[in-house]
Structures are given as C-alpha cells and as structure tokens.
Amino acid sequence: MKPIPPERYIDGVRQGDRRMIGKAITLLESRAARDRGLAQQVLDALTPHAGRGLRIAISGPPGVGKSTFVEVFGHHAIEQGHRVGVLAIDPSSRLSGGSILGDKLRMPRLSSHDDAFIRPSPAGEDLGGVARRTREAIVVLEAAGFDRILVETVGVGQSETVAAGMTDLFILLALPNAGDEIQGIKRGTMEFVHLLVVNKADGDQQQAAQQAAHTLEQALHLMHPPEPDWSVPVLTASAREDLGLEKIWQAVERFHGMMQASGRMAARRREQSLAWMWALVREGLEQRLREHPAVNLEQGLLERAVKAGRTAPAEAAERLLMLFSRPL
Amino acid sequence: MNDSDRSQKLLDQWHKAAERGLRGKPLASLERETPEGIRLTPLYTETDLDGIDHMGVPPGITPYVRGPYPTMYAGRPWTIRQYAGFSTAEASNAFYKQALAAGGQGISVAFDLPTHRGYDSDHPRASGDVGMAGVAVDSVEDMKILFDGINLGNTSVSMTMNGAVLPILGGFVAAAEEQGVPQSELRGTIQNDILKEFMVRNTYIYPPAPSMRVVGDIIRHCSGEMPRFNTISISGYHLQEAGADAALELAYTIANGKAYVETALAGGLDVDAFAPRLSFFFGIGMNFMMEVAKLRAARLLWAEVMGTFSPKDPRSSLLRTHCQTSGWSLTSQLPYNNIVRTTIEAMAAVFGGTQSLHTNALDEAMALPSEFSAQIARHTQVILQEETDIPAIADPWAGSYAMESLTDQLAQQARKIMAEVDQAGGMVKAIETGLPMRRIETAAARKQARIDRGTDRIVGVNRFRPEEEEPPEVLRVDNSMVRENQQRRLAEIRASRDEAAVQGALKELTQAAKEARGNLLDLTIRAMRLRATVGETTAALEEVYGRHQEQARALGGVYGEMWKDDADWAALKETINDFARREGRRPRILLAKLGQDGHDRGVKVVAAAFADMGFDVDLGPLFQTPDEAAAQAVESDVHVVGASTLAGGHRTLAPELVQALKARGAEDIVVVVGGVVPKQDIPELLEKGVAAVFGPGTPAMESGRRVMELLGANRSG
Ligand SMILES: Nc1nc2c(ncn2[C@@H]2O[C@H](COP(=O)(O)OP(=O)(O)OP(=O)(O)O)[C@@H](O)[C@H]2O)c(=O)[nH]1
Ligand SMILES: [Mg+2]
C-alpha cells in the first residue's frame, strides 16, 4: 500500500470524508514508529480547526448503561442540530492482546445516522496510551465538524481521571442500588463529577432510583463542588426507555452556558493543556532516561546492588539522575 | 451367601476382568465428565438407583417420567410433523398437500425472516430475506393461499412464530373463518415463546415487558375462544442449537414455562384454564443416552414446578412435547451421513417419549430441503413407526440402571440452574442480568474449542474429512421473483380494501397499547379481517412499544483457555503479534450479522475466538443492512469485515456489502463470508469481490489463519 500523503488526511477530515476521518484516527492511534512524524504533521494541521465543541465524558461502572445512554443522549443532541462524535474506550480483557469492541451493539440508531461518528477503541496496554489517542481523536472529530463529543469510559482504575482531563463536562452514571450508599463511588471521582445520573430508573426500579438519587444528593452536600457556581444536579433517567433525557440535556446546556459566560471553559481547557504538557514531559523524560546510554550501562549494576542491600535506594537514584544530567 | 454379598463378589470379579482388559490403564480412565457436569462410567449397577424417587411409577401417572400417556405409542404413535416453508404461499401450499398425502400428519409452517420481524415484503430492510428461510406472509390473502384446499377444521397446524405472533395468529384465524371454520375448531400450536428469543434467537420485535403482555393476551384469548389450540410451545430447541448443554436447555426451558404460567396467573386466569394448552419443544442432538434422559427428566421437573401452583386438572402438570433433531449436528461435508445422524436422534426422541417429531433433511444444514431429501426425512419416521417394534413398548428404557441414573442426575443439575434463576427473581429478571445468555455462550465457545481441537469428534469435519467435497444438490430460492410477487400482491390489497376502516382498526390497536386495555389479539384479528398487513399491525404497536434491540456481548477468554498449551495456537498468536508490531495496531475485524436472521451463536463464538487469538473485534448491531455494516467498517477503519449469513441471504447481501465499501472509498477492506453457504454459490461470491468463504465446520483457528494470510498478501511494505 502506498503511504497516504498528509494533505489527503487533512483535507479529507476537513471535508468530513468518513473514510479519511477513520483513517486519520488510525494514524494517530498507531504505535508504529514510522507513523509518528506523519501523525504529528496531521495533528498540527488539524488542531487549529478543533476546539469549538463541547466534550463530554460519560463514565460509570460496567453495565450501568453508558452505551445505551450515549445512544439516546446522542440522539437528543442531533435533534438539537448538533453533530455527534463518540469515542468509546473498551476495557475488555487484554490477556491475549485482542479485545471485543461491543459498545456499538447498544447504539443501533446512532450508528446509522449521518450526523454521528462512532469509534470504539481498545483500551490498550497503558493508560497513557489511551489518553493520548483519545485526546487526539477528539481533535480529528472536531476538525471534521462534530461539535458534541461523547467519550465513554468505564469507571475503573485511573481512567476516570484521564477522561476528566480531556473533557469539559463529566457525567457519572450510577445504578439504583439505594442500599449501597454511594455505591463505592470513589471520593476522588466525586471531585470532578458535574452531573450525576441514576440510570435504569424504570420498571420496578423506579423507587429504588429515586431513593438512590436522594442518598447521593445528601452525600454530595458534604463535598466540595467541582466548579464554584455549580451545584451538582442528581437526576434519574432510563436510557433504555428514553426517560429523563430532557432534564439531563437542559442541565448540560446550563453548565455549558455557565462555563462559557464565566470564561471558565476556556480556563479549564488551558489548565488541561498545561497538565497535558507536563504529562507528556514526564512520559518523555522517563523514556529518555531509559534510553540514555550511560544510564543504561549502570542501571543493571545499581539495581542488583539495591536488591542485595549493598547500596541505599536514594543513593542509587541520585547516581542515575546524575548520569542522566551530565552532558554526554 | 446373601444377596448383597453375592453382588459384591460379582462386582469384584468384574473389576478384575475389566482391569485385565485394560492392560495397566486404570479403570477410571474410561470415565468422562459430560458438559452437564455428570460423570459417565462404563458400568451402572443397582446401587445407582438408590434414592431415586420416580422408580416404579408407570407411564401416564404423575410425575410422568415414563411418559404423559399410559400406553404411549402402543395406543397411538407420535405425530410426524415436518417443519417447512417455501418462498411463496403457493409453493408452500403445494408442499403441504403433498406431504399430507405422503404420510405427514400435521402441517408446520416456517416463515421468512421479515415476517418474523413484522416487516412487510416491500420494507427496505426486508430485501435480502424475503422468502428465503420460509414463506413470506404479508396479509390474510397470503394465509388463504397457504391453506388453500387444506381443511383447517381437521388438520393441526403448527406455526413457528414468536415476534409477529399477533398478526400471524390473527391472519390464521381470519383465513380459517373465510374457509368457514370457526375459531373453536382450530387445532395446532403457535410457538409464541418470546423469552428464548431474548436469550438466543433474537427474533423479537418489542421489548420484554410489552412482549409478555402480548403472550398474556394470546393465552387469554385462546383459553376462551380456541380451546383446542396450543398457545405456547416452550422451546429448548433453540437453546441447544445456540450451544446449551442438556442441563442448561432443560433448566431454562422449564424456567421459561414457569414464567409464562406466572404471567397468565397475574392476568387473572385460573391455572387449569390455560396450563393444559402449554406445550414444549426440545432439540435432540447426538448424545443419545443424555437426550433420552432429558425428555424423561423434563416431564419430572414440569410436574414438580406445576405442583406449586396447585392445579386441579392433572393435564395442567403434564408435559407434552414436540421434538426436532438437531440442525446444528448436521454437516455439509459428507452430507449423506446426516441421514444416519438424524435417525439416531429420531430414535432418542422416540425413546424419550415425544408427542410429535420433525426429522431434518440431510441438506437442512445448507439450505431448504429438496423434495428428495424431505422424503427421506419423513420416511425415517415412518420406518420407525411401521417397520420396527419400538412403538410397541412404552418407555422401553425404564429400569435401565444407566438411564434412570442419568435421568435423575440431569434433573438434579437442572434444579441447581433453576434455583439460580429463582434467586435472580425469575426468568424475566435473569434475562435482564444476562446470566443465562452468558452460560449458554460459554458452553458454546467451549464446545467449539473441543471440536476445533478434535476432542469432540465429528465425522467429515475433524474425522475423515474428505479431500474433495461433493456438494449436494440444494434448493435455491430466487429471492427477487418472490419479492416482486409479494410486492404486487401488497399493492393490490392496499388498493382494494376499505382504507378508512383499516386505519380505524390500526388506530384502535395503538390506543389499546397506549392505555393498556383491551385484548391485542382480538383487535389484531379485527384489523387482519379488514386486510391490514403484518407490517402495519406491527407498526401500530411499535408506535407505543418501540422496537427492541439487544444483544448480549461475546465473551473473551473462554475459547483461548482451551488452547493454552497448543503449539499451532501459539504460532498464530505470534503471527498476529508480529502484525501488530509492524502495523502499529492489531488486526481489526468487524463481525457483521447481515439481514434479519438473529441466530448469533456463530458470530459470538468467532468473536470470542478471534479476540483470544489477538484480533481487535468490532461487533455490529444485529439486523444490519450491508450499507450500515460498511459505514461501521469505515468508522472503525477495520482491516477485514467478516459477514455472517445463515438464512440464505448471502447471495444478495455479501455483494452488496462489497459495493457499499467501494462506494465509501474502502475497497481495500477485505470481505470474508462465514456461515451456511452452499458450495455452488462460492465461485459467484468470489467473483463479486468476496475474498474468502468459510463454510460450516471451518475451525475458528483456520479462519483466523486465512484472514492473516489475506492481510499479509494484501500489503507490500
Ligand atoms: N432497565 C434498564 N436497563 C438498561 C438501561 N440502560 C441500559 N440498560 C441495560 O443494561 C445493560 C448494559 O447496558 P450498556 O449500555 O451496555 O452498559 P455499559 O455501561 O455501556 O456497559 P459496559 O460498556 O460493558 O461497561 C444492557 O442490558 C442494557 O439494555 C436502563 O435505563 N434501564
Ligand atoms: Mg458500553
């Protein structure tokens, strides 16, 4: 196959050519070293055209109904005249390396809509990788004219923090198990949730859902709000029956308006960019450290010495850092 | 010497003799554990009967282990009931008449997929499937042609319908009336088993709750108006075909039955007013002993379950069943062996005490049966009934140590699974959690791995596989002709009916759904009489209920687990890892189910296997059009699309997929086709841009390897 020149990617994405949008995301996701230069070139060209939309993270425990929620929420957005890009990060077991990307099964209507673009991605081996690829995929979708970006992630490990770091608004879905208090929602998570939705409020679970919403609301009172002028709404919904979406949509709009009017939106993105820069610096430093010839040479020796208790960890660390910072 | 000393001594003798024969191998090496979790041993003795309660109870006496009727086939043989449906109502009608004349004793109608899903033949989603896997029925007019010259007053008619039950049953009633046969005289069965559709077959229309309302309305209507009609055929067959072992099939079928009883009771009916009209439908596979035991255990369990509802009529606790030999067990390689398989399975069904039976035609795995193969299938049963002495003795396996022990153990295993369902809050709730589907899928993936590894043997597939395959002659349906035919008839009906009256009847249907009042079957019958169509009555309710779309996700890990120590497996994984390193990402494949066929065992097993090999596997929603699949392939930028078609739609759908990809500038995406594709269709598919066809029986690992070859050949740097 002949390599595709950067202009084809850039123009294709800008013109909304779905084939090229798909390929551009593949290029940016690629782990092959030979793709890196081209990827950077494409990303640089697309970045100025991105950033005008609203980026929404949708998280929650496995099976809470995130994909189903994306299906109906996405539809509401389209009805309001928006174009919806969906990035679904699938965490399925990577024991064998492969994965089953099944989120789209729950999005049959959205999948066949011209104003939606859905790209599931395997979670990959490393969290940093997910963050980079998803972040860059957002740029592609925005540059292609999608102005509501929904990022579905499962609320396990650090993935919520990562998703919060690249979106404007964080929706957490919860299950209607009133008994479990705040259902093990991590305290750290609550700090960046802007909207809490108790899903599956249908059938004989309606009451339980109301109850859960009430409990969650009480718990939230004791916490610090994520934004100064924003008290986190706790709503109930049924993604499956498409109930309660109107209110959620309104809350999202309200939040968006508030963030834009107060200038917090832009500020938040600037903070995110800064944090991202430092994350990249840390990642790059670590990689360079590991690739540094002098460090490489002594690393094994020092490791053995520390293991054997012959050298103190701090002393060994200091030695490695010194090797690294000494001019070659 | 007393009796027990004597039998101990004889047993010791047997042990010694057996061990001598084994030349040093331990006796235990002959034992094996079945997928149901039961140990099969070479010798069963009297002690295996200890603690079995049902021993000594004759047939026709509760709990009916030995059969629902006292004299069984000695009094009256089972009904030979062959399931069949061909493209158009005319063709099916001719077939039924011929079958009735040739010894068939009832009619069993197979509908095409658009009818199942409540689409008229002119619906855009229907195109590839009209008339393919059965007959297309759009209105009463088709029904009338279907039963032309067949007296519905004395022929029992079984209809395999679950999704569009209302218009099909409604159309059947209306057609009979126009023949002069009142509802009260209609005999037969409608499958109407929606729960198993949610579990495995996916031929549903509405979500679970309204679907259960429909079931309830049908039971209510029939208990009043159609006392001789079986309102549900609670089906284990499809669970088995989807990969369930005998214990899972048994447990979930009985549990589904229980859920229907509870629904009807909640609707205010007396248990004896409807329970005698519930019937069952089991699949019969190649594990002869286990299958006989399964039918015996099923009657036992149903009597137990029904006992808890305290019926007064003994018929309420009596399980009557239809059986079908397993379509899945047939092979497209060496197809004449299928006659032997079907005969063995038919014998198991008969020894198990079935009330009616469908025997598969030898080419059933490939296509609709030809006249030749249909006759052999029918005659298999006639031979059993008329040439052998089997029907002369009721439950001839009774008292066999092994059979009684298996019956008891299988019932025990099933009770455990049923307890798990109860714990989840009943079957409807259990289905919502997805647990039954996961259990069945796990069983299916394990089974596939056993076959692919050769531990489960199938002649023609992993034993004595022929070098050259002789394709059997199969019936081919000209789908476009059928479609045009149906479309013309639809246009005529719409032009000639009283439009205002039809619209009024449809509106009432919508209203009744909205306000949760009235009986939906009553109202549908009224609309069908006025010449409303299947699609229109379905849409009238869809307006309120919506169209359900749900599919359990495939499970990773299960398939690969069985291959852990295999060198070929490791080599393939390495090839895939190499690809990933070279390309910067794993090979990515979209597995798409095209058309209205909802059987997804194949796709799920392949998805599980491919993910375990190291592919990234995208799954598409069920019932995709080729265009939708192409769109998804492009958005996910996959390397390959694997299209699965089982219902004969491949000749239309696969080339359409190739074209749709091309139209999106994605002609470089490789298209492969898997599923039931007759050999003679392969050249045509390859010519139209399909890169490879994986027929039935292709081990998943081989498909994986071939896909990797196709990807390797496709690139140059
Ligand atoms: N009763 C009810 N069920 C729902 C609702 N939303 C989703 N479900 C069901 O919950 C199950 C999981 O839904 P998904 O949308 O796949 O959930 P998810 O959070 O995306 O799941 P993962 O991606 O696997 O973490 C499915 O069976 C849905 O039909 C709801 O509002 N009510
Ligand atoms: Mg999901």
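This is a predicted model, so every value here is computed, not measured. All values below come from the heavy atoms of this structure, side chains included, with hydrogens, waters and symmetry mates left out. Every chain is numbered from 1, with letters handed out A, B, ... down the list of sequences.
Of the atoms belonging to Gln632(B), heavy atoms from both backbone and side chain fall under 4.5 Å from chain A. For Asp17(A), no part sits under 4.5 Å from any heavy atom of chain B, backbone or side chain. With a 4.5 angstrom heavy-atom cutoff, Ile21(A) does not touch chain B via any of its atoms. Only the side chain of Glu432(B) comes within contact range of chain A, judged by heavy atoms closer than 4.5 Å. Proximity to chain B (any heavy atom under 4.5 Å) is restricted, for Ala116(A), to the backbone atoms N, CA, C and O. Using a 4.5 Å cut-off between heavy atoms, Ala631(B) makes no contact with chain A at all.
The pair Glu241(A)-Lys200(A) fails the salt-bridge criterion, with no side-chain N (NZ, NE, NH1 or NH2) lying under 4.0 Å from an Asp/Glu carboxylate O. Ion pairing between a basic and an acidic side chain is recognised when a charged N comes within 4.0 Å of a carboxylate O; Asp578(B) and Arg581(B) show such pairing.
Pairing each heavy atom of Ala630(B) with each of Ala660(B), the nearest pair is CB-CB, 3.6 Å.
Separating the CG atom in Leu28(A) from the CG atom in Leu38(A) is a distance of 9.0 Å, to the nearest 0.5 Å.
Between His548(B) and Phe198(B), the distance from one ring center to the other falls under 6.0 angstrom.
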